[in-house]
Structure formats: structure tokens, C-alpha cells
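Notes follow once the structure below has been shown.
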Amino acid sequence: MKLNNKNLDQINPVVKRPAYDRSSVTPGIVHIGVGAFHRAHQAYYTDKLMQQNEAFDWGFCGAGLRPEDKKVKSALAQQDYLYTLYELADSDDKEVVVVGAIKDFILAETELQRLLTTMASEQIRIVSLTITEGGYFTDDSTGKFLSEHPEILHDVNFPDRPMTVFGVIAEALRRRKENGVAPFTVMSCDNLPHNGEVAKNALLSFTSLQDPDLKQWIETHVTFPNAMVDRITPVTSAEHRQQLADKFDVEDEWPVVCEPFIQWVVEDKFCNGRPAWENVGVQFTDDVTPYETMKIGLLNGSHLALTYLGTLLGYQYAHQTMEDENIRLFVREFMDKDVTPLLKPAPGIDFDEYKDTLIERFSNTEICDQLTRICSDGSSKFPKFIFPTLKGLIRDEQSLDRVSLIVAAWCHYLRGVDESGALYNILDPRLDKLQSVCRKSGDITEEFLGFYEIFGSDIPQSQAFVDSFNRQLHNLRTIGVTKTIQSVLNKKV
Ligand code: CS2
């Protein structure tokens with residue numbers, strides 16, 4: 001059964017579908033970066049509200065600024081922007097849901113003016129973002145905005161023809177300001193510490209170059225809530241799509257697969273209203289810091305701890321790494337001994353239970369979460385997911401062997417060949433530069449840690465870290481992954 005409005009009623013009854021009238025849903029949010037995560041998370045939560053007959057004026061209009069977005073737009077457009085969310089787990093506690101919260105989708109490449117008009121219209125009250133950790137034009141080592149980036153320079157000079165996310169937001173806000181329309185909230189949903197602050201800093205830096213009056217208006221009127229977002233969402237594979245068709249008779253061009261677990265903790269700072277997401281389990285708070293530090297350090301950090309070692313051992317999926325006793329123990333020790341001692345209490349959360357759940361989630365054999373996905377963009381992820389922990393350990397003069405093994409495993413992985421000699425694909429915009437160093441034999445420590453835009457200056461200045469990194473890289477090269485992991489397991493500290 002092909003998924004679209006017309007066929008909704010005839011879909012297999014075990015599949016949940018909008019019980020509400022989709023024609024009464026109007027966009028209240030423009031979401032930039034409609035990837036799988038957005039569809040499994042914010043759109044899903046909002047659809048749940050609509051299922052309760054709420055939030056019909058908070059539908060989504062998707063926005064795509066990159067050429068890759070064409071594919072998702074065309075897949076969704078032919079099914080009236082409906083899609084299936086296919087939860088996968090070893091337990092029975094999972095569902096298959098057709099989500100109806102997305103109502104429109106605009107590609108900047110072909111309809112830039114319609115995008116700007118929509119974003120400037122009164123009905124849009126939130127602009128939300130999943131533009132990846134590396135999408136904020138921000139130098140990881142200094143936190144400074146990349147004002148010399150050619151795309152940013154373009155947008156500074158051509159305000160009405162923007163190509164970047166900040167150029168687009170600035171132009172939409174300028175039109176609102178000029179037309180006396182209240183601004184929208186800018187809500188980042190990416191995995192980076194203080195994601196709202198980072199978005200704010202980027203937009204204010206951008207507008208200070210382009211339009212200082214607008215900058216001031218934004219500073220006074222626009223809010224940027226920080227948020228912790230969580231749901232493991234693998235890349236949809238051909239097998240996933242086939243499985244959905246075979247088991248549920250739903251023909252969906254681009255379904256989303258994910259785990260049943262979902263969490264969203266957001267600061268309640270919305271300058272122009274928001275859906276009552278608390279009615280579907282979203283937690284609102286004044287300070288998201290303890291939750292985001294916990295989630296990014298424990299979940300995203302551990303993902304990096306397992307993914308490079310796992311790939312070097314020839315595994316393809318996260319659950320396979322959890323079946324390897326050495327990696328499983330290593331990940332848990334990293335969580336317990338390195339990340340947890342640096343965390344502040346997160347109200348309502350027991351860290352031990354949280355970590356048990358993480359190990360269970362990583363072990364989910366049904367979702368087949370690809371290591372290639374988790375390994376991707378390491379050069380953007382390390383500064384956010386691992387270095388806060390690493391810097392805390394350096395400061396507190398703690399053992400650095402586990403964390404340096406994670407960094408050394410990434411370095412060794414970047415050569416592109418696993419322990420059995422098989423080659424694999426690496427996704428990272430800085431790959432060529434990194435590989436030119438990682439593929440050398442001999443001592444590469446100074447050169448590797450010298451990538452300033454990744455490591456900054458504090459990390460390579462720690463002699464304890466440099467020594468430990470050297471040791472782990474040397475071990476990976478000489479005794480191999482398994483023995484290296486074993487050598488750091490069960491250390492007293
Ligand atoms: C992953 C995340 O990309 C990654 O490295 O750690 O995508 C992770 O699956 C999500 O943050 C889970 O919420």
C-alpha cells in the first residue's frame with residue numbers, strides 16, 4: 001500500500017496513523033535540515049500532540065539548504081509529506097507510526113524567496129535546526145564564528161540571496177523587524193554543548209558583520225533555548241524499507257527507523273509561543289546544562305569509544321561491538337571512571353540506571369545502527385563529545401589512558417583499513433588533511449595533535465596526554481586492538 005493521504009485509511013491497522021484531520025494542520029515551525037533525526041524526534045513529538053487534538057497550528061514546513069535535501073523533499077512530496085517511523089527493538093515495546101506533522105517542504109535552491117517569505121510570516125513562530133555538529137560555522141578550539149568563510153562572506157554581501165543557515169535566518173528576521181512582525185525563537189536540536197548559545201553566538205556574530213541594527217534587535221527580542229535531544233536513529237537502509245513493506249505492507253519511499261527510547265529536555269525560553277510539548281513527555285527546565293553534559297559525555301562520547309575500535313576489528317554495527325566483551329567493558333569503564341566523576345547531578349536521573357540503559361540501547365540488535373554513521377565527521381564530533389571529558393581529566397590529573405585510546409583509535413582508523421586488511425569508507429570533510437598524517441608510519445603524534453582547529457592548544461600542551469596518546473597509538477600499531485583494550489581495562493584508576 002503506497003503511503004499517501006488517500007490511502008491512509010487502508011493501511012494495515014497495526015500501524016498507527018494520524019487520527020486528526022491533516023487539512024487543519026498549518027505550519028508554525030520552519031525546520032532547517034529535515035534528516036532522519038528530526039523526523040524521529042521533534043516531528044514525532046509534535047505529531048503525538050496532534051493525535052491528542054492539540055497543536056494543529058504548529059505543523060512543520062521543512063527547509064533544505066543543501067543539494068542533498070532534494071532527495072528527501074521529493075520522496076516526501078510524493079506521499080503528501082507523510083512518512084513511517086519504524087521503531088526497532090529486541091523487546092515488544094515498539095510501534096510503527098505514520099507521522100503527519102510535516103505539511104510542506106521548501107528547497108532554497110529552487111524556491112529561496114518562498115522560503116524567506118514563509119519564515120518572515122506571522123504564522124511561523126519557531127525556526128528549528130538540525131544542521132549537524134559541524135554546521136554552525138564555529139571554530140571548535142576558540143568558539144569563534146568563522147567570519148572569513150566564503151559562504152558567510154557571500155551572505156554578508158548579498159543579504160537577499162543568502163545561502164547559509166545564518167544568512168537565511170537573518171534575512172527572515174530583518175523582514176519581520178521591518179514589517180513589525182514579532183520574531184521567532186531559534187531552536188537548535190543538534191548535539192552540541194549549549195546548542196542554543198552556539199546558535200545565538202553564530203547569528204549575532206553574523207549580523208554584527210552584516211547589519212548591526214538587526215543584531216541589536218535580535219539580541220533584545222530573539223530567544224535561543226538550549227536543548228538536550230536524544231534518540232538513536234540509524235540511516236534507513238534498503239533492508240529496513242523492505243522489512244517495512246514485507247511485515248506491514250507499507251510502501252514508503254523514505255521511512256525512518258529508530259529505537260523506542262526518546263528524550264528531549266529543553267529550556268523554556270520561547271519568545272513567540274510554543275507547542276505544549278510537555279503534554280507528550282518533553283521536559284522543560286531552566287537549565288539544561290546537567291542533562292546535556294550527561295547525554296553528550298555518556299552517550300555520544302561512548303559512541304566514539306566503541307565505533308573506531310569496532311571498525312578496526314571489522315564490525316559493522318553498534319550491537320556487534322557490544323557483543324565483544326572487551327569493547328563492552330571498555331565502554332562501561334570509560335563511562336564510570338572518566339565521564340561520570342565530572343558530571344553534576346541531573347535532577348531526576350540516576351546515573352547508574354542511565355548507563356545501564358545506554359548499554360542496552362547500544363546492544364539493540366534490531367536497529368543495526370551503522371558504525372559508518374557513528375564514525376562520520378569525527379573531526380567535528382571529538383571537540384564536542386570527547387574533549388570536554390578529556391580536558392576535565394587533564395585538569396584533575398586523572399588517568400588518561402582510556403580517553404587517549406579513544407583518540408588514538410580514531411587516528412588509527414583514519415588510515416582507512418581494518419585489522420584484517422579490509423578497506424572501509426570514511427566520511428569527514430577534513431579527511432584528506434587528516435589522512436595525509438595518519439597514513440604515515442613513524443612518529444605522527446605532534447603533527448596529528450597539531451591540527452589546531454580540532455585539538456586547540458590546551459590538549460597538545462598536556463605532556464601527560466601526549467605520552468598516553470603515544471603509548472596507545474604505539475600499542476594499536478604493534479599489539480593490535482584487542483590487546484590494547486585489554487591493557488587499559490581494569491586499571492586501578
Ligand atoms: C551519534 C548520535 O552521530 C553520532 O555520533 O552519537 O547521532 C546519536 O545516535 C544521537 O545523538 C542519539 O541521540
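Only this structure's heavy atoms are used, side chains among them; waters, hydrogens and symmetry mates stay out. In listed order, ligands and their atoms are each counted from 1. Heads up: numbering here begins at 1 and tracks the sequence.
Between Tyr86 and Phe248, the distance from one ring center to the other falls under 6.0 angstrom. For Tyr424 and Tyr413, the gap between ring centers is short of 6.0 Å. Under the 6.0 Å cut-off for aromatic ring centres, Tyr83 and Trp254 do not qualify, their centroids lying 6.0 Å or more apart.
A search for salt bridge (Lys or Arg N to Asp or Glu O under 4.0 Å) contacts involving Asp69 returns Arg66, not counting sequence neighbours. Shown here are the salt bridge (Lys or Arg N to Asp or Glu O under 4.0 Å) partners of Arg274, two or more places apart in sequence or in another chain: Asp268, Glu278.
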List of N/O pairs, ligand 1 versus protein, all under 3.5 Å?
residue  : atom   : partner : partner atom : Å
ligand 1 : 3 (O)  : Lys381  : NZ           : 2.9
ligand 1 : 5 (O)  : Lys381  : NZ           : 2.9
ligand 1 : 6 (O)  : Asn300  : ND2          : 2.9
ligand 1 : 6 (O)  : His303  : ND1          : 2.6
ligand 1 : 7 (O)  : Arg373  : NH1          : 2.8
ligand 1 : 9 (O)  : Arg373  : NH2          : 2.8
ligand 1 : 11 (O) : Asn191  : ND2          : 2.8
ligand 1 : 11 (O) : Lys295  : NZ           : 2.8
ligand 1 : 11 (O) : Asn300  : ND2          : 2.9
ligand 1 : 13 (O) : Asp230  : OD1          : 2.5
ligand 1 : 13 (O) : Arg231  : N            : 3.0
ligand 1 : 13 (O) : Lys295  : NZ           : 3.1

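Within the structure, salt bridge (Lys or Arg N to Asp or Glu O under 4.0 Å) contacts touching residues 286-302 (residues at least two apart or in different chains) do not occur.
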